[in-house]
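Right, one structure below, let's go through it.
Throughout, a chain's letter reflects where its sequence line sits, starting with A, and its residues are numbered from 1.
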2 protein chains.
Amino acid sequence: MAKNLLEKCSQSKIRMTAQRQTIIKVIEQADDHPDADQIYLRANAVDKTISIATVYRTVRLFEQAGVIERLEFGDGKSRYEEARGHHEHLVDIDSGEVIEFTHPELEALKEKIAADLGYDLVNHRLELYGRKKTSDQ
Amino acid sequence: MAKNLLEKCSQSKIRMTAQRQTIIKVIEQADDHPDADQIYLRANAVDKTISIATVYRTVRLFEQAGVIERLEFGDGKSRYEEARGHHEHLVDIDSGEVIEFTHPELEALKEKIAADLGYDLVNHRLELYGRKKTSDQ
DNA sequence: CTAAATGCAAAACCTTTGCCTCAAA
DNA sequence: TTTGAGGCAAAGGTTTTGCATTTAG
């Protein structure tokens, strides 16, 4: 089974180019959830020939192939991350920090809800927006 | 306690104008989740003086006052609905139809997850994307 | 060799804003 | 009367696209 993005792209019969390899590295090495412009800046720092158009075309291709996922945190920009096991996001509304978590019970519940409504669950998005609890006040 | 959007706006000390009343009616009467342009088209059909700029300014004002809610279904446009009791959305990926549902167990679980991560839950968004189950195949 | 990918710049969208006029309270 | 709202058109920000050129397979 494939492990990294490059292998997954190969499995998906995606033609590999120098630019795509650079974008793959940027996404794999990101520990945040970069938008297209951030991916462009990081990739362009490594390879000056990469254009923003290629970034947009590439993330769309990768998303459609299912090797990356597109996220929206409500600010009008799409953000991207490598597709790993499904997980959810909690956004700290003060710092913007994004915490990832998984919750098997939640996963099961969503499947059940969709099934009860007569649907097969194809995809889902959950974002929690919260504020750090303080011991005082 | 306030019942309709007009009363809620009054409670929020929102200055009332003819255009805002028309937009309120459009949102109250919508049985879908219209985006700004759809609200504009429906409101403009009733009152030709309403401009798209006013629609955008009004939905932002109403959202900040908490009397309507802004949704994103992943197509890059914001959609709006009257703020009622909290509920979630299931999007039929074939027809685009949006089904609303509530699920107390899910609500409780989200609160608990946030708390366990050290956060007070301020807001959250859940969308399920599904395909209608068929008896055959 | 052929089909597909890229860069560049322009265009397409959605949304916001400046400015002047008009209306609510 | 005063402060805020609206219309219009221009500008802003993100994403897509047309076209000529380059490159992967």
Side-chain angles (χ1 to χ4, degrees), chain A residues 5-27 33-65 67-80 96, chain B residues 5-7 9-27 33-65 67-80:
Chain A
L5 273 183
L6 201 55
E7 287 169 352
K8 287 182 189 169
C9 287
S10 165
Q11 277 193 189
S12 294
K13 305 260 185 293
I14 289 175
R15 185 182 289 212
M16 195 44 56
T17 66
Q19 290 90 337
R20 289 182 179 173
Q21 289 194 49
T22 300
I23 291 169
I24 283 172
K25 278 185 202 151
V26 166
I27 293 173
H33 301 81
D35 60 35
D37 194 57
Q38 289 172 311
I39 294 172
Y40 165 68
L41 290 174
R42 296 174 198 178
N44 188 264
V46 174
D47 175 355
K48 285 291 169 210
T49 78
I50 292 178
S51 71
I52 187 72
T54 292
V55 170
Y56 274 107
R57 282 190 275 236
T58 302
V59 293
R60 192 171 24 161
L61 176 75
F62 285 3
E63 188 202 352
Q64 284 166 356
V67 302
I68 69 174
E69 285 181 10
R70 187 168 63 90
L71 311 171
E72 285 181 299
F73 292 156
D75 62 355
K77 287 182 293 193
S78 292
R79 295 162 184 282
Y80 300 90
Chain B
L5 272 183
L6 200 56
E7 287 170 350
C9 287
S10 166
Q11 277 194 186
S12 294
K13 306 262 186 291
I14 289 174
R15 184 184 288 213
M16 195 43 57
T17 66
Q19 290 91 338
R20 288 182 181 174
Q21 289 194 48
T22 300
I23 291 169
I24 283 173
K25 279 185 201 149
V26 166
I27 292 173
H33 300 81
D35 60 34
D37 195 58
Q38 289 172 310
I39 294 171
Y40 165 68
L41 289 174
R42 295 173 198 178
N44 188 265
V46 174
D47 175 357
K48 284 290 169 213
T49 77
I50 292 179
S51 72
I52 187 74
T54 292
V55 170
Y56 274 108
R57 281 191 276 238
T58 302
V59 292
R60 191 169 26 158
L61 176 75
F62 286 1
E63 188 202 353
Q64 284 165 356
V67 303
I68 69 174
E69 284 181 10
R70 186 168 63 89
L71 311 171
E72 285 181 297
F73 292 155
D75 61 356
K77 288 181 292 193
S78 291
R79 295 164 182 282
Y80 300 90

Rounding to a whole Å, what distance do you find between B/R60:CZ and C/dC14:P? 18 Å
Base, sugar-phosphate, or nothing for A/I50, non-hydrogen atoms under 4.0 angstrom? sugar-phosphate
Applying the side chain to side chain donor-acceptor pair (under 3.5 Å) criterion to B/S78, which one of B/R70, B/E63, B/H33 satisfies it? B/R70
Euclidean distance, atom CG of residue B/L61 to atom P of D/dA5 [Å, nearest integer]: 7 Å
Kindly give the heavy-atom pair with the smallest separation between B/V59 and B/Y56, and that separation in Å. CG2-O, 3.4 Å
For A/R20 and A/I14, what are the C-alpha separation, side-chain angles and deciding distance, and is it a side chain to side chain contact (heavy atoms under 4.5 Å, CB included)? CA-CA 10 Å; A/R20 289 182 179 173; A/I14 289 175; 3.6 Å; yes
Can you tell me how far P of C/dA5 sits from CZ of A/F62, to the nearest Å? 11 Å
Under 4.0 Å, heavy atom to any atom of DNA chain C: which of residues 67-76 of chain A qualify? none
Picking from C/dC14, D/dT15, C/dA5, the nucleotide nearest the side-chain atoms of B/K77 would be C/dC14
Would you say A/M16 and A/L6 make side-chain contact, with heavy atoms under 4.5 Å? yes
Using a 4.0 Å heavy-atom cut-off, write out nucleotides 19-25 of chain D from 5' to 3' as B (base contacted by protein), S (sugar-phosphate only) or - (no contact). -----BS
Side-chain N or O of B/S78 less than 4.0 angstrom from OP1 or OP2 on C/dT15? yes
May I ask you to test the B/V67-B/S12 pair for a side-chain heavy-atom distance under 4.5 Å? yes
Please tell me if the side chains of A/L5 and A/I68 come closer than 4.5 Å, counting only heavy atoms from C-beta onward. yes
Rounded off to whole Å, could you give me the OH-to-P distance for the B/Y56 and D/dA9 pair? 17 Å
Of all the nucleotides listed (D/dT14, C/dT6, C/dA9), which has the minimum atom distance to the side chain of A/R20? C/dT6
Rounded distance in Å - CG (A/L41) to P (D/dG13): 15 Å
Considering only heavy atoms from C-beta outward, does the side chain of A/T58 approach that of A/T17 to under 4.5 Å? no
B/I27 side, atom CD1; B/T22 side, atom OG1 - distance, nearest 0.5 Å: 11.0 Å
note: B/I52, atom CD1; D/dA5, atom C1'; distance rounded to Å ~ 16 Å
Rounded to whole Å, CD of A/Q19 lies from C1' of C/dC8 at a distance of 14 Å
Starting at OH of A/Y40 and ending at C1' of D/dT14, how long is that distance when rounded to a whole Å? 15 Å
What is the distance from atom NZ of A/K8 to atom CD1 of A/I24, rounded to the nearest 0.5 Å? 10.5 Å
